[in-house]
Protein chains: 4
Amino acid sequence: MAGVNKVILLGNLGADPEVRHLEGDKVVANLRLATTETYKDRNGNRVENTEWHDLEVWDGLARIAEQYLKKGSKIFVEGKIKSDTWQDEQGNNRKKIRIRVQNFTMVDSRNADQGTSAPSQSYTGQSSPVNTGNGDSGLDSDEADDLPF
Amino acid sequence: MAGVNKVILLGNLGADPEVRHLEGDKVVANLRLATTETYKDRNGNRVENTEWHDLEVWDGLARIAEQYLKKGSKIFVEGKIKSDTWQDEQGNNRKKIRIRVQNFTMVDSRNADQGTSAPSQSYTGQSSPVNTGNGDSGLDSDEADDLPF
Amino acid sequence: MAGVNKVILLGNLGADPEVRHLEGDKVVANLRLATTETYKDRNGNRVENTEWHDLEVWDGLARIAEQYLKKGSKIFVEGKIKSDTWQDEQGNNRKKIRIRVQNFTMVDSRNADQGTSAPSQSYTGQSSPVNTGNGDSGLDSDEADDLPF
Amino acid sequence: MAGVNKVILLGNLGADPEVRHLEGDKVVANLRLATTETYKDRNGNRVENTEWHDLEVWDGLARIAEQYLKKGSKIFVEGKIKSDTWQDEQGNNRKKIRIRVQNFTMVDSRNADQGTSAPSQSYTGQSSPVNTGNGDSGLDSDEADDLPF
DNA sequence: TTTT
DNA sequence: TTTT
């Protein structure tokens, strides 16, 4: 059966995006994202717990990430879990999990405004008119090549 | 700022889809979806609570809904909240909320198998390669016209 | 069958919370939340579309909302769709949809820091068995006595 | 700042739950969940891609999983990403990611009905203040005594 | 008006 | 390695 594999994150980048431009116009950006939760333990002390996520962004979104995101940027991310498996030098099976980003939104527009030609409005990675079933307006569907600013 | 407006539902259709074919190849399907939660009240009695949702599906997804969904179908839905506002005959401002479906997945393939040429595999409304940032394989992006079966 | 009814929003409050303290230590806060999406239309013009959501927050979370949220606050919200139905004066069946908030997170802590004793850490509302998957009435949460700061 | 770390999955168990009863009334169940997506490649061939997820369920939910889930069960899951890190024998830093389950819903109740005393109503796991937004240790949930049936 |  |  068809299933669902969805990840929703809101956090800050621990480093600038690492971007590789591949052959055939393909681009991939790797991001490190921290999501921090705070809670009180049973003694009433505040505890902070941070999880680090490896994000992978492709093509049009990667170009946007390269241009507008940097260390510290706060983003909302939608994606899916994707594992890579391989054998290491000792012949052990290894597995690494990444979040394949389907879209992201810059939440903290202060970052977008500093030292760049970025817009005052932050960016929302948009769903395409194809899968939004968007009957409103017939948006063109080439957002991948069509930076939103 | 760019925001997020996302709805995730899992439930059953209360009726067959109502489909209208509009000019210019546009299609809209309206669905009634029930999501039922059960819990125990403070007396330990099981209580069942059903919420009914008005869903709106467009174009390619609407055609799939028309073909494969019917009363009782169990589906997983992703969409967004969308309100229509108007004035009624008394001049009162009125507002109606619908869920604009962005994709859906048939969960209960039993329905798909009964009395139809439906596939044994249920359908997953797929994100487009544009917004999945899909670097895997370069899927063509015309799913809207490209029924998945 | 048990279903799923989940809403995820990220946006800004259009007004200060409206809070009512009810009998029996119950508190309800009503919030107006705007989620804005921007996209380019077929002519390449940026279009901005805002959806307004009516949120309902109860008890412990309502007290936190009262204390820390105000007009303009940016929050991430998790909740469920909940409809109220009634008959109006003309005898018409009426229905109003609200988002019952299950937890929220302050995203823009700049708001929290202005003119209040708010913490330097923003708050993440936590789910509880009481306010999650819950019937309307009869919440007897202890969140009220357990503010997270 | 407080962040968001949320995972939503819908899929089938690849094996029966592995349950360990720990000291102090604690229980943990490990589940293997497959989420399958299907799409057409550029040649129009249907491609099926399955991702396997390691789920970790604690205490009350673990007991429910033990009792009602088995190989093949279809479930909807809500949880968060959680990584364990350690050094292997070669002194390499290793990391393993699991999904900490916050609640789950049995979607295909046919499984629940076969060869067991399972209820005709399927179960929706409810969030609790204990297992939500929670640190690892020190759960002292009372879910164990409060099975929802 | 669904489902179990 | 982020953020407040």
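In what follows, chains carry the letters A, B, and so on, assigned in the order in which the sequence lines appear, proteins first and then strands, with residues in each chain numbered from 1. Basis for what follows: all heavy atoms, side chains included, without hydrogens, waters or symmetry-related copies. Bear in mind the structure is a predicted one, so any value in this text is a computation, not a measurement.
The pair C:K80-B:E51 does not meet the salt-bridge criterion, since no charged nitrogen lies less than 4.0 angstrom from a carboxylate oxygen.
In this structure, the side chain of B:N43 does not engage the main chain of B:N45 through any donor-acceptor pair within 3.5 Å.
Below the 3.5 angstrom threshold, one finds no donor paired with an acceptor across the side chain of B:T50 and the base of E:dT3.
Contacts of D:K96 classified as side-chain hydrogen bond (donor to acceptor under 3.5 Å, both in side chains), with partners at least two apart in sequence or in another chain: D:D54. In this structure, the side-chain hydrogen bond (donor to acceptor under 3.5 Å, both in side chains) partners of A:D84, at least two apart in sequence or on a different chain, are A:K82, A:R98.
Rounded to an integer number of Å, the gap from CG of B:L31 to C1' of E:dT2 is 12 Å. Distance, A:L13 CG to F:dT2 C1': 8 Å, rounded to whole Å. To the nearest angstrom, C1' of E:dT2 lies 8 Å from NZ of B:K71. We find that CD of A:E48 is positioned 12 Å from P of F:dT2, with the value rounded to whole Å. A straight line from CG of A:D16 to P of F:dT3 spans 11 Å, rounded to a whole angstrom. As rounded to whole Å, 13 Å separates atom C1' of F:dT3 from atom CD1 of A:I75. Taking atom NZ of residue B:K70 and atom P of nucleotide E:dT2, one finds them 14 Å apart after rounding to whole Å. Separating the CG atom of B:N49 from the C1' atom of E:dT2 is a distance of 14 Å, rounded to the nearest angstrom.
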